[in-house]
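Read through the structure below, which is laid out as structure tokens, and then see the notes.
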Amino acid sequence: MIRQYDKIKDMDLSFETKLVDHKINEMDTGRDLTQCICHVDMDAFYASVEELDDPSLKEIPMAVGGMHMLCTSNYKARQFGVRSAMPGYLALKLCPQLKIIPLHFPKYRAASAKVRAIFAKYDPSFLPMSLDEAYLNLTNYLSTSELTPEQLVQQIRDEIQQETQLTASAGIAANRMLAKICSDFNKPNGQYFLPMEREAIMKFTSNLSIRKVSGVGRVTERVLQTLDVKTCGDILHRRAILYRLLSPISFQFMLKCYLGLGSTNFNLESDRKSISVERTFSALSKPDDLYRKVDELAELLAVDLGRNQIQGGKTVGIKLKLTSFDVRVRSKTYPSYISKKEDIARIVKELVQKELPVSIRLMGIRLSSLPPKVDDDHGVKKYFKKRKNTDAGEEQPRKISTVPSSPVSVLTSTSVTPDTHLTASIAANENAPSIVAVTCPICSRSLALDNHQFNQHLDECLNKVTVKAILQQQQQNQSPPQDQTQGRSLLDYYR
DNA sequence: TACATACAC
DNA sequence: TATGGTGTATGTA
């Protein structure tokens, strides 16, 4: 893609520009500003629930999860750079006094149920995204009330706090994409209202980091960065280039970001496409051990199938994560549905066998091509349900292809090993975040930064280390030549 | 259909 | 000692 970019970046793209402008105009005109969508996000949910049971945890840096992975952390811990999806042992290097609490899902589910009961009062068709997050369409409720959207959402948040002692943050806007971003603006325990007006929305997106948009992750952010797109507003300037470089789907998504367009539909009940189970463990390579794992996982999957009343799947797949962290996916499709534990295990073993010899740290098995869901609706009801699904199909976020169009040359050997003896020396002054001398536990550099800057640095550093590790692995894996093709995008965008 | 990636939570 | 699990979507061949 970079090569393609070099080729076209100085070309006359006035035709493309005109074309895209027309498209933008069309989308802009079709804008729906009639809906009031709210995204509610519980603050540090698991950690906050734990603090209810043990208020002393509020006073200390604390995270929920395990040594391998943290799910969330309280705000005291975040000041040390401890964040979700960070391995616990690394968090402990950042913050040696960190208390790690194991997960207690029943408690979180109970708290979530209370919150959801409140949501249901304001929008019976609210859309839960996880235990701690949901979208509400408040349009109907507002039409029967004197409250402004802000007052209503304040009321909902007050109610949540009263019922659960937990705080929530919320965003209010014309669609899901915007509401989601807004809920992050005044976190924790705050809300942000973006008026459902074109001018307000365009002003909002013009300066908005593209990374804030749900669906734009680390990789896409980097790709866009190389195209000089950092904010949603930047998309306009680069519209012709983006049009040439991106797939139609990705390009359409970019225009939506620029215009601040998003779905107002809560498309529930879309049929499940796959069901899977995977486990990480200490390295295994002996075939017998691998087959034993297969049996374990097949058992789990079969149980899950039953629990979810799924007849079976025509496609059986495996996922192996090698001890090198390379991931292999293999699958095979059959003419009839596979559902019995024994059948799953037998087929999976065949797939695994073809990969031998291999040393893995994770095995996953999956059934897809599931049968169409049989619902017990009668008559016309069925028809309506089906229609609803097709309606919302176009509304989902898309991402950008990151596969470059040409092969990539071999890397120069920039061997960078992450420091394994990490030490954090952060002066813990929680109440008044000020500039302190810190040693970054990742890159070992001395830094004079405040908390916010330090966290930014950490983000950067963690990314670099991850990427370098990946690059290193790719170098090591050069001997089996078929791996050359994998991960080229990373080489391109992180080098 | 098969596979690799990216992403959300 | 030590970097998760489940599911969706997209691009490409």
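In what follows, chains carry the letters A, B, and so on, assigned in the order in which the sequence lines appear, proteins first and then strands, with residues in each chain numbered from 1. Keep in mind that this is a model prediction, so the values were computed, not measured.
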field: Set of side chain to side chain contact (heavy atoms under 4.5 Å, CB included) partners for A/K354, sequence neighbours left out
entry: none
- prompt: Taking for each residue the nucleotide of DNA chain C bearing the nearest heavy atom, is the 5' side occupied by A/K321 or by A/S274?
  reply: A/K321
message: Would you say A/S331 places a side-chain N or O within less than 4.0 Å of OP1 or OP2 belonging to B/dC3?
response: yes
Nearest-nucleotide pick for A/I275, side chain only, options being C/dG7, C/dT6, B/dA2: C/dG7
task: Would you indicate which nucleotide in C/dT6, C/dG4, C/dA2 comes nearest to any side-chain atom of A/A85?
output: C/dG4
field: Nucleotide nearest A/K273 (side chain, heavy atoms from C-beta), chosen from C/dA9, B/dC3, B/dC9
entry: C/dA9
query: Just checking, A/K7 and A/Y5: is the charged tip under 6.0 Å from the six-membered ring centre and within 45° of the axis?
result: no
- prompt: Which of the following nucleotides, C/dA2, B/dC7, B/dC3, is nearest to the side chain of A/V329?
  reply: B/dC3
task: Starting from P on B/dA6, measure out to NZ on A/K319 and report it in whole angstrom.
output: 13 Å
statement: To the nearest angstrom, the CZ-P distance between A/R279 and C/dG4 comes to 13 Å
query: Using the benzene-type ring in the case of Trp, are the ring centres of A/Y135 and A/F119 under 6.0 Å apart?
result: no
statement: When rounded to whole Å, the CZ to P distance for the pair A/R222 and B/dC7 reads 12 Å
- request: Look at the aromatic rings of A/Y46 and A/Y108 and report parallel, tilted or perpendicular, splitting at 30° and 60°.
  value: parallel
Side chain to side chain donor-acceptor pair (under 3.5 Å) against A/S369, all qualifying residues, sequence neighbours excluded: A/T315
task: Would you indicate which nucleotide in B/dC7, C/dA2, C/dG7 comes nearest to any side-chain atom of A/R272?
output: C/dG7
- prompt: Is any side-chain N or O of A/K180 closer than 4.0 Å to OP1 or OP2 of B/dC9?
  reply: yes
task: State which of B/dC9, B/dA4, B/dT1 makes the closest approach to the side chain of A/D132.
output: B/dC9
message: Using a 4.0 Å heavy-atom cut-off, does A/K314 contact any base of the nucleic acid, only the sugar-phosphate backbone, or nothing at all?
response: nothing
query: Under 4.0 Å between a side-chain N or O of A/T220 and OP1 or OP2 of B/dC7?
result: yes
field: Geometric cation-pi criterion A/R78 and A/Y75, 6.0 Å radius, 45° cone
entry: yes
task: Find the distance A/Y135:OH to B/dC9:P and express it as a whole number of Å.
output: 6 Å
query: Reckon A/R366 touches a base, only the sugar-phosphate, or nothing at all at heavy-atom distances under 4.0 Å?
result: base
query: Rounding to a whole Å, what distance do you find between A/L370:CG and C/dG7:P?
result: 10 Å
task: Round to a whole Å and report the spacing from CD1 of A/I249 to C1' of C/dA9.
output: 9 Å
statement: Writing each nucleotide of DNA chain C 5' to 3' as (, ), [, ], | or . by Watson-Crick or G-U pairing under 3.5 Å yields ....|||||||||
- prompt: Do the side-chain N or O atoms of A/R330 get closer than 4.0 angstrom to the phosphate oxygens (OP1, OP2) of B/dA4?
  reply: yes
- prompt: Distance check: side-chain N/O of A/T333 vs OP1/OP2 of B/dA2, anything under 4.0 Å?
  reply: yes
- request: Compute both the distance and the angle, then confirm whether A/K314 meets the cation-pi test with A/Y334: under 6.0 Å from the six-membered ring centre, within 45 degrees of the axis.
  value: no
message: On the nucleotide C/dT10, are OP1 or OP2 found under 4.0 Å from the side-chain N or O atoms that A/S247 carries?
response: no
- prompt: Between B/dC7 atom C1' and A/L224 atom CG, what is the distance in whole Å?
  reply: 14 Å
message: A/T167 vs A/R157, test: side-chain contact (heavy atoms from CB on, under 4.5 Å). Steps then yes/no.
response: CA-CA 7 Å; A/T167 64; A/R157 292 177 43 241; over 6 Å; no
message: If I take atom CZ in residue A/F325 and atom P in nucleotide B/dA4, what distance separates them, rounded to the nearest angstrom?
response: 18 Å
